[in-house]
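Below: the structure, in structure tokens.
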Amino acid sequence: MLRPLAGRYSRHRGVRYGLATAVFAFAALTFLAIRAAGADPVIASGADSARVLVSIAGGVQWVDLPRFDRPDEKIGARSRVAFGTAVRVRRWFEPHAELAFAYLGGSDSLDAALAALGTKRVSLGTLVQLQAGARLRWARAGRWQPFVNVAAGVARFRLEASSVADQRDTDAVWSAGAGTELWLHRHFMLRGEGLYIGQAARQGTRSHSAVQVAAVYSFDHL
């Protein structure tokens with residue numbers, strides 16, 4: 001699975017940079033559009049203008065990538081943390097962006113090679129996912145607000161092991177899922193959701209899944 005440093009970058013370099021640019025442009029244009037739109041009387045929880053939400057989430061992600069030492073096995077369940085921001089334009093429509101990290105562990109064989117070289121460093125694998133999309137919900141929902149979620153962006157896979165190995169890949173990703181939100185206060189809610197995450201990896205399309213719970217703070221207006 002490991003490749004020489006000279007060949008570590010994906011052959012789809014132009015695609016990945018284009019996707020990354022699209023994610024940031026989407027977030028910036030959404031922000032500017034809502035600034036120009038002004039007040040909206042149908043924002044959830046009684047606000048009289050668009051609401052900005054920030055969130056931090058924790059959960060578990062099933063990682064459908066081969067293990068570093070045993071390519072015939074999947075990496076499997078790993079911890080996941082995500083940071084998000086969103087703008088609730090309408091009660092039913094919420095553009096959002098999310099940066100998520102899945103920690104993949106390392107490679108026993110690489111760790112043994114590092115030990116043989118006399119270093120105490122260990123290998124570390126990470127999967128970083130940056131996506132932008134939208135949540136859609138029933139316009140008449142109350143404190144409990146079920147929703148569906150669609151998004152797309154880029155994923156950055158990396159295995160780092162001092163000078164022994166440094167593998168990096170950047171691929172397109174997309175996701176779809178559903179969940180529910182519970183408003184506990186005008187400025188605070190809890191969100192639970194499940195996600196399917198597809199990744200166009202070098203070895204073929206990978207199908208990840210994730211379950212996470214987020215704490216969300218809501219600002220009254222822009």
- Message: Within the 4.5 Å heavy-atom criterion, are Phe157 and Arg168 side-chain neighbours or not?
- Response: no

- Query: Quick one: OG1 on Thr126 to CZ on Phe101, what's the gap to the nearest 0.5 Å?
  - Reply: 8.5 Å

- Just say parallel, tilted or perpendicular for the rings of His187 and Tyr217, cut-offs at 30° and 60°. parallel

- Without swapping roles, check the side chain of Arg80 against the backbone of Gly59 for a donor-acceptor pair under 3.5 Å. no

- Message: Please give me the minimum heavy-atom distance between His96 and Val150, naming the atom from each residue.
- Response: NE2-O, 4.1 Å

- Message: If you define the side chain from C-beta out and look only at heavy atoms, does anything of Lys74 sit under 4.5 Å from Arg206?
- Response: yes

- Query: Are Glu181 and Arg137 ion-paired here, with the side-chain N under 4.0 Å from a carboxylate O?
  - Reply: yes

- Report the hydrophobic cluster partners of Trp62, with the cluster defined as I, L, V, M, F, W, Y residues connected by side-chain heavy atoms closer than 4.5 angstrom, directly or transitively. none

- Query: So, for Leu127 and Ala155, which heavy atoms are closest and what is the spacing to 0.1 Å?
  - Reply: CD1-CB, 4.2 Å

- Check: His208 side chain, Asp64 main-chain N or O, donor-acceptor pair, under 3.5 Å: yes

- Applying salt bridge (Lys or Arg N to Asp or Glu O under 4.0 Å) to Arg78 and not counting sequence neighbours gives none

- Note on the structure: Of all heavy-atom pairs linking Ala210 and Ile197, the shortest is CB-CD1, 4.2 Å

- Does any donor atom in the side chain of Gln129 or Glu98 lie under 3.5 Å from an acceptor atom in the other side chain? no

- Task: Report the distance from atom OG of Ser218 to atom CZ of Arg88, rounding to the nearest 0.5 Å.
- Result: 7.5 Å

- Task: Identify the two heavy atoms, one from Ala215 and one from Leu190, that lie closest to each other, and give their separation to 0.1 Å.
- Result: CA-CD2, 4.2 Å

- Side-chain contact, heavy-atom cut-off 4.5 Å: Gln212 with Ser55? no

- Task: Find the distance between CH2 (Trp144) and CG (Leu182) and round it off to the nearest 0.5 Å.
- Result: 4.5 Å

- Between OH on residue Tyr196 and CG on residue Asn149, distance to nearest 0.5 Å: 14.5 Å

- Query: Without hydrogens or angle criteria, can the side chains of Gln131 and Ser175 be said to hold a donor-acceptor pair below 3.5 Å?
  - Reply: yes

- Task: Evaluate the side-chain proximity of Glu94 to Leu53: yes if any heavy-atom separation is below 4.5 Å, no if none is.
- Result: yes

- Nearest heavy-atom pair of Val89 and Pro95: which atoms, and what distance? CG2-CD, 3.5 Å

- Query: Closest approach of Arg143 and Leu184, non-hydrogen atoms and distance?
  - Reply: NH2-CA, 4.0 Å

- Item | Min side-chain heavy-atom separation Phe147-Glu193 under 4.5 Å | yes

- Got Val63 and Leu104 here, is their nearest side-chain heavy-atom distance under 4.5 Å? yes

